[in-house]
Amino acid sequence: MPVQTQCILSVKSPLGPPIEILKHIFPAQSNKPRVSFVTGLHGDELEGLYICHRLMQYLKELETTHPNAIQGEINIYPAVNPQALENSTRLWPFFSVDINRTFGPGQSPSLAVETSQALLDDLQSSSDIAIDFHSSNLHLMELPQIRIIKDFEKKLLPLAKKTNVDLIWVHPNADIFESTLGFNLNRAKIPTLVIETGICHRIHQDMGDQIFNGMLNLLHYTGTLNITPPSEKIKEPKQVQPDQVAMVQASHSGLFIKQVEVGQILKKGDKLGKLIDPVTGNVLEEITTSCSGLLFTLREHPLTHKGSPLVRIAKNLSEQ
Amino acid sequence: MKEKILTLPNPFGGDLELYKNTWGKSGEPLSIVSGLQGDHLNGMFLNSHLTQFLDSIVEGLDPHYTLTGQVQTFPVVNANAVQSGSRLWPLDGMNMDLAFPGNPDGETAEAIASTIWQHTKDSFWGIILQSAPPHYEDAPHIQTYKPDGRVKKMYRDLQIETVRRQKESSTQKVNLFHQWQDISSVILSAGSPRTINLQQCETLFQSILNFMKAEGILKDHRNKKSEHKTKTRIYQSDEEIAVRTTTAGMFLKEVKVGNYLKQGQKIGEVRDIYSGKRLEEITAPEDGLLITLRQYPIVYEKEPMAIILTAKKSWREYLSF
């Protein structure tokens, strides 16, 4: 059976065309785990849209060339916050609401909450595993990574290792996560990986392709796809705990001029960049690293306030 | 006394400054916070009105009152959002009330949240002033989660008719109100974002005055006993009804917040923007108090146009005094 498209929520708009959240269903040949891919919760994060595009293109072709390859249902939700995506804004612009803070119980009634509930219900009813793609915000560039809340580590770590990301960061729970899609799916016992890569408003094809390969590897691992695994070597992600992550923050406000790139292996004392005063022309701070390791987060937006994160480094184990 | 409690440098000069006002030195402090969202102007106005009032007392210009307790107000929390004329600060797009308890060494929002928390955590009472969510208007009311005896006393002292008991939500743990769980505290909500409603502010001003007098923070030398006895009604979260649209277009309201509605009473209607035709009539599904009403006329399907508080529970839910 070819791919089917379903509208999981349709809302009439004041000017006519409805807001619709679509799901593409690639039906299964047997009952292997059902995997769902979600992207676009934040309308300015486009990296996941590219990955989902590659997945859809691949799966459509697979249906023709290897009709028995899809052993578990695959669902792709390619644009779950349509109005924010159309406006390229993180928030749903009509409500100024971050829809990824509206999941979970007890939220006041609103269309945003209605929408997030419809998405959560649909994902819960049609997934055994879910992947939620995110880019970073306006300010930071992230190396492909998965952040896992400690409570969910046991279930998620084996899956995360198959995804071809550079880094897996296991950290304790924080209250702010409790209103996110990923947390609520995991709490509902649907293992959900939140993949973070790149930066908002941009598509980094190389990172997208890397994760696309990781997704095929994951689908092969779960038995959802009966295919030959990707020929490209799958990365063994660096695993870190909170005490293995060093964050450098700005101690002045100014413009950050970076002198490194994400993915670089740094040595203690390496120059990271400098903070300059845009008004006086003074250099406020030369920033160097106090540890060695993998640079996995880097400030891209130069406008920097005191306390803003500039870089995150996964420290070398030998330095622990 | 106006005191600067946080200074954060801006890249282009003009520091971000956070202030608090303090009156009185003895007694257990009452903290009043407004401006968590940059467009909640009713609260900011009310705090400025209180400042004027308390200043006149401590300067001896108001012979009727003496300040016997301690009050501190934080008129503007999300200063960047206020300066940019928006609910959130455009640079971080963060809801300030999801940043608590904050971090003194963190980013701007975290540093602000931490400062407010540190300055209020030893208060005996706390009041947060807010407006309705974007596009809505609230009738003046109290919001709370799990009231204990001390908080119920606050209702009585404030003499506000309506108390909404909110459901515990997935975001509440990062709200300022949640950090105040060991403080006797309430949220006072009234009005609409981006506007100042003087009448609603006056209602809340009188309530805070009632509270300060009842708790001995303020002494009224006229010794006048209030003739008016306010009955406070506590509504549980399952007594709220959201009345939603089934169409989309332009909503024209025909009632006001604070009205008691009869079942079937017209709240407003939705018209098609292009043809002007009426698409649907929005009516009250049950008798009840209209606590929240849609203000912004452009509406989508499935949006709440009104929230009505119904009276399912028995008379024992009333607090009479």
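Treat the numbers as computed from the prediction; the structure is a model and nothing was measured. Within every chain, numbering begins at 1; the chains are lettered A, B, ... in the order of the sequence lines, protein sequences first and strands thereafter.
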(message) Taking the side chain as everything from C-beta on, heavy atoms only, tell me whether A/Glu114 gets closer than 4.5 Å to B/Tyr300.
(response) no

(message) Shorter than 4.5 Å, heavy atoms on both sides: which option in A/Pro18, A/Ser308, A/Ser179, A/Ala174 has the most such pairs with chain B?
(response) A/Ser179

Could you list the donor-acceptor pairs under 3.5 angstrom formed between side-chain atoms of residues 245-257 of chain A and any protein atom two or more places apart in sequence or on another chain?
{"unit_1": "A/Gln249", "atom_1": "NE2", "unit_2": "A/Gly307", "atom_2": "O", "d": "3.0"}
{"unit_1": "A/Gln249", "atom_1": "NE2", "unit_2": "B/Asp105", "atom_2": "O", "d": "2.8"}
{"unit_1": "A/Ser251", "atom_1": "OG", "unit_2": "A/Glu285", "atom_2": "OE1", "d": "2.9"}
{"unit_1": "A/Ser251", "atom_1": "OG", "unit_2": "A/Glu285", "atom_2": "OE2", "d": "2.8"}
{"unit_1": "A/His252", "atom_1": "ND1", "unit_2": "A/Glu285", "atom_2": "OE1", "d": "3.1"}
{"unit_1": "A/Ser253", "atom_1": "OG", "unit_2": "A/Lys306", "atom_2": "N", "d": "2.9"}
{"unit_1": "A/Ser253", "atom_1": "OG", "unit_2": "B/Pro9", "atom_2": "O", "d": "2.6"}

(request) For chain A, find which of B/Glu110, B/Met94, B/Arg244 contributes the most heavy-atom pairs closer than 4.5 angstrom. (result) B/Arg244

(request) May I ask you to name which of B/His135, B/Gln172, B/Arg87 has the most heavy-atom pairs under 4.5 Å with chain A? (result) B/His135

(request) Determine the option with the most heavy-atom pairs under 4.5 angstrom with chain A, choosing from B/Thr108, B/Asn10, B/Asp92. (result) B/Asn10

(request) Find the one option among A/Asp277, A/Leu15, A/Leu138, A/Val279 whose heavy-atom pairs under 4.5 Å with chain B are most numerous. (result) A/Leu15

(message) Side chains of A/Thr304 and B/Pro11, heavy atoms from C-beta outward: is any pair under 4.5 Å?
(response) no

(request) Check whether A/Asp98 gets within reach of chain B through its side chain, its backbone, both or neither, counting any heavy atom under 4.5 Å. (result) neither

(message) At a 4.5 Å cut-off on heavy atoms, which part of B/Ala242 comes close to chain A: side chain, backbone, both, or neither?
(response) side chain

(message) If you define the side chain from C-beta out and look only at heavy atoms, does anything of B/Glu303 sit under 4.5 Å from A/Phe94?
(response) yes

(message) Only pairs of heavy atoms separated by less than 4.5 Å count here; which of B/Pro304, B/Pro134, B/Ala111 has the most with chain A?
(response) B/Pro304

(message) Between A/Leu303 and B/Phe12, is there a side-chain heavy-atom distance shorter than 4.5 Å?
(response) yes

(request) Classify the angle between the aromatic ring planes of B/Trp89 and A/His305 as parallel (below 30°), tilted (30 to 60°) or perpendicular (above 60°). (result) perpendicular

(request) Kindly write out the residues that satisfy side chain to side chain donor-acceptor pair (under 3.5 Å) with B/Glu107, not counting sequence neighbours, or none if the list is empty. (result) none

(request) Name the region of B/Leu98, side chain, backbone, both or neither, that has any atom closer than 4.5 Å to a heavy atom of chain A. (result) both

(message) What part of A/Ser10 gets within 4.5 angstrom of chain B, counting heavy atoms only: side chain, backbone, both, or neither?
(response) backbone

(request) With a 4.5 Å heavy-atom cut-off (strictly below), which parts of residues 136-143 of chain B touch chain A? List them by number. (result) none

(request) Below 4.5 Å from any heavy atom of chain B, which atoms of A/Phe177 appear? Answer side chain, backbone, both or neither. (result) neither

(request) Measure B/Arg294 against the heavy atoms of chain A and call it side chain, backbone, both or neither at under 4.5 Å. (result) side chain

(request) Please flag which part of A/Ser110 lies under 4.5 Å from any non-hydrogen atom of chain B: side chain, backbone, both or neither. (result) backbone

(request) Against chain B, label A/Arg90 side chain, backbone, both or neither, depending on which of its atoms sit under 4.5 Å from a heavy atom there. (result) neither

(message) Do B/Lys302 and A/Leu9 make a side-chain contact, defined as non-hydrogen atoms from C-beta onward lying under 4.5 Å apart?
(response) yes

(message) What I'd like to find out is whether the side chain of A/Gln107 reaches to under 4.5 Å of the side chain of B/Thr171, using heavy atoms alone.
(response) yes

(request) Report yes or no: does B/Ser170 contribute a side-chain atom to a donor-acceptor pair with the main-chain N or O of A/Phe103 at less than 3.5 Å? (result) yes

(request) Grab the two heavy atoms, one from A/Lys12 and one from B/Thr246, that are nearest each other, plus how far apart they are. (result) NZ-O, 2.8 Å

(message) Counting only non-hydrogen atoms closer than 4.5 Å, does A/Leu284 touch chain B with its backbone (N, CA, C, O), its side chain (CB onward), both, or neither?
(response) neither

(message) Out of B/Leu91, B/Leu279, B/Thr292, B/Asn103, return the one with the most heavy atom pairs under 4.5 angstrom to chain A.
(response) B/Leu91

(request) Would you please name every residue forming a ring-ring contact (aromatic ring centres under 6.0 Å, His included) with B/Phe100, sequence neighbours left out? (result) none

(request) Report, as yes or no, whether the 6.0 Å neighbourhood of atom CZ on A/Arg187 holds more than 12 heavy atoms from other residues, nucleotides or ligands. (result) yes

(request) Measure the CD-OG distance between B/Gln166 and A/Ser108 for me, rounded to the nearest 0.5 Å. (result) 5.5 Å

